[in-house]
Amino acid sequence: MWRNFFKKLLILRVMDSEGKHTLPRYFRGKFQMIGTVTFTALFSLVFMLFSIPFSDNAWFELGPTKAFAFTATFFAIALLVIIISRRIMYATRRMRMTYLGFVLWIIAEAVIICLLYTAFTIQGDEIGIIDIEEKSFQEIFGRALLYAFTSLIVPNIIAGMYFAILDKNKTIFKSSKRSAATENATPLPEERKVNLYDLGGTLKFSTTLGSIYYFESDDNYIIVWYRGAGGELSKYMVRNRLKSLEDNFKDTMLVRCNRKYVVNAGKVKVLRHGDQGYELELEGPGLPVIPVTKTYEVQLLKAIQDLSV
């Protein structure tokens, strides 16, 4: 079991080193953090109460006893550790975190609480509040790790799956309402309307394809750069993800060229290949030179070649 676990961690490490598996930001959102901590606390409490009759060495007790006060104190401090940990994770949400980093963070939480449990157990046994059979640090800590996997790791896995499903449902809902989505591989005509919706499915912006220069990702937002009514370069920000935009305008003139940009292939003025790969310049005034990563070279070149036929 442990061999498979560390093998999966190694696979995650390789993927993360290539920048392909960054943790979605909604995993560190305020709502998700509060929900996960609350669910974990309730799950751990129920598990603790359920496990008491079946354990010879667990010192958790209910009722008006010193052991119960010891139990309540441990549970409160453990909960505080998780709250502080998730508060730090939330405060650093703008920093990139990989799946591997998230997994190691959760494991670190479990290890800290296991060390806390071990310290409480040894101290409680010394002052006579509790009486256990296992006396050594290794035995107590080893048993605590087994309990921690069920009471801490499992609820985090369940909560993560739940929020992933919620996010997927939002994306499906948003996609079903997006009138600008297309299913055919023919490039959109210049006068065709392009509609942008936010994460809640509300229409926020609409313009013609011919006026769009490119889309830029900025955290949880999309910035659309377009030609205004007076011909000036303008921009508009919509709360959404670039991946959703890429999926809905697949096989059109709107093509992904790197992790941050989706460009209008019809607006490419210059495409050149240099030492670092392809880069392109758009027709608009004052627009930046945009690099093309190898991941998106084929689809961008195909889009430009199709327009030249």
Side-chain angles (χ1 to χ4, degrees), residues 12 15-16 19-48 74-113 116 148-178 196-205 215-224 235-247 259-260:
L12 281 174
M15 290 178 173
D16 292 337
K20 296 180 179 179
H21 282 74
T22 301
L23 186 76
R25 291 187 181 273
Y26 67 80
F27 266 93
R28 292 189 284 172
K30 185 175 182 180
F31 172 74
Q32 287 82 349
M33 288 291 180
I34 295 175
T36 301
V37 171
T38 302
F39 177 71
T40 301
L42 293 175
F43 187 97
S44 300
L45 180 61
V46 172
F47 177 78
M48 180 185 72
F74 166 76
F75 190 85
I77 296 177
L79 180 59
L80 182 62
V81 169
I82 295 178
I83 292 174
I84 293 175
S85 173
R86 298 310 169 91
R87 185 64 184 86
I88 295 173
M89 186 183 290
Y90 176 75
T92 58
R93 64 191 181 280
R94 293 187 179 276
M95 298 174 61
R96 178 178 177 270
M97 176 178 282
T98 63
Y99 281 106
L100 176 61
F102 183 78
V103 170
L104 293 178
W105 190 299
I106 301 304
I107 291 176
E109 287 179 354
V111 170
I112 291 173
I113 292 176
L116 180 66
F149 179 82
T150 303
S151 61
L152 297 176
I153 305 299
V154 170
N156 273 282
I157 294 174
I158 295 174
M161 294 174 63
Y162 173 75
F163 289 121
I165 292 173
L166 283 184
D167 183 74
K168 184 66 175 178
N169 288 340
K170 286 182 180 179
T171 302
I172 293 173
F173 172 74
K174 172 190 59 185
S175 298
S176 66
K177 296 186 68 176
R178 181 167 291 140
L196 296 182
Y197 296 80
D198 63 14
L199 289 173
T202 303
L203 178 63
K204 292 293 185 179
F205 181 82
F215 297 89
E216 179 182 3
S217 174
D218 184 13
D219 201 1
N220 289 327
Y221 290 85
I222 293 174
I223 302 175
V224 52
K235 68 177 181 178
Y236 188 86
M237 182 178 290
V238 179
R239 185 174 177 82
N240 211 320
R241 295 196 304 272
L242 205 60
K243 177 63 177 176
S244 176
L245 181 71
E246 179 189 7
D247 291 341
R259 291 171 61 89
K260 191 175 181 180

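- Thr38 places no side-chain N or O within donor-acceptor distance of the main-chain N or O of Gly35, the cut-off being under 3.5 Å.
- How far CZ of Phe43 is from CD1 of Ile158: 5.0 Å, rounded to the nearest 0.5 Å.
- Side chain of Asp198 to backbone of Gly200: a donor-acceptor contact under 3.5 angstrom is found.
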Could you go through Asn220 and Arg239, starting from their C-alpha distance and side-chain angles, then the distance that decides it, and tell me whether this counts as side-chain contact (heavy atoms from CB on, under 4.5 Å)? CA-CA 6 Å; Asn220 289 327; Arg239 185 174 177 82; 4.0 Å; yes
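- In terms of modelled atom types and a separation under 3.5 Å, the side chain of Asn240 and the main chain of Tyr197 share a donor-acceptor contact.
- To the nearest 0.5 Å, atoms OH (Tyr236) and CG (Leu196) are separated by 9.0 Å.
- For the side-chain contact (heavy atoms from CB on, under 4.5 Å) test with Ile113, the passing option among Leu79, Ile82, Ile77 is Ile82; the others fail.
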Exercise answer: donor-acceptor pairs, residues 101-111 side-chain atoms, under 3.5 Å, sequence neighbours excluded:
unit_1	atom_1	unit_2	atom_2	d
Trp105	NE1	Ser85	OG	2.6
Glu109	OE1	Arg86	NE	3.4
Glu109	OE1	Arg86	NH2	3.0
Glu109	OE2	Ser85	OG	2.5
Glu109	OE2	Arg86	NE	2.8

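- Shown here are the side chain to side chain contact (heavy atoms under 4.5 Å, CB included) partners of Ile223, two or more places apart in sequence or in another chain: Glu216, Asp218, Trp225, Lys235, Met237.
- To the nearest 0.5 Å, atom CG of residue Leu152 and atom CD1 of residue Ile112 are 11.0 Å apart.
- Taking 4.5 Å as the limit, some side-chain heavy atom of Tyr90 sits within range of a side-chain heavy atom of Lys30.
- Rounded to the nearest 0.5 Å, atoms CZ (Arg241) and OG (Ser217) are 10.0 Å apart.
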side-chain contact (heavy atoms from CB on, under 4.5 Å) for Val238 and Tyr221? Distances and angles first, verdict last. CA-CA 6 Å; Val238 179; Tyr221 290 85; over 6 Å; no
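- Here the closest non-hydrogen pair linking Ala78 and Leu116 is N-CD2, 3.9 Å.
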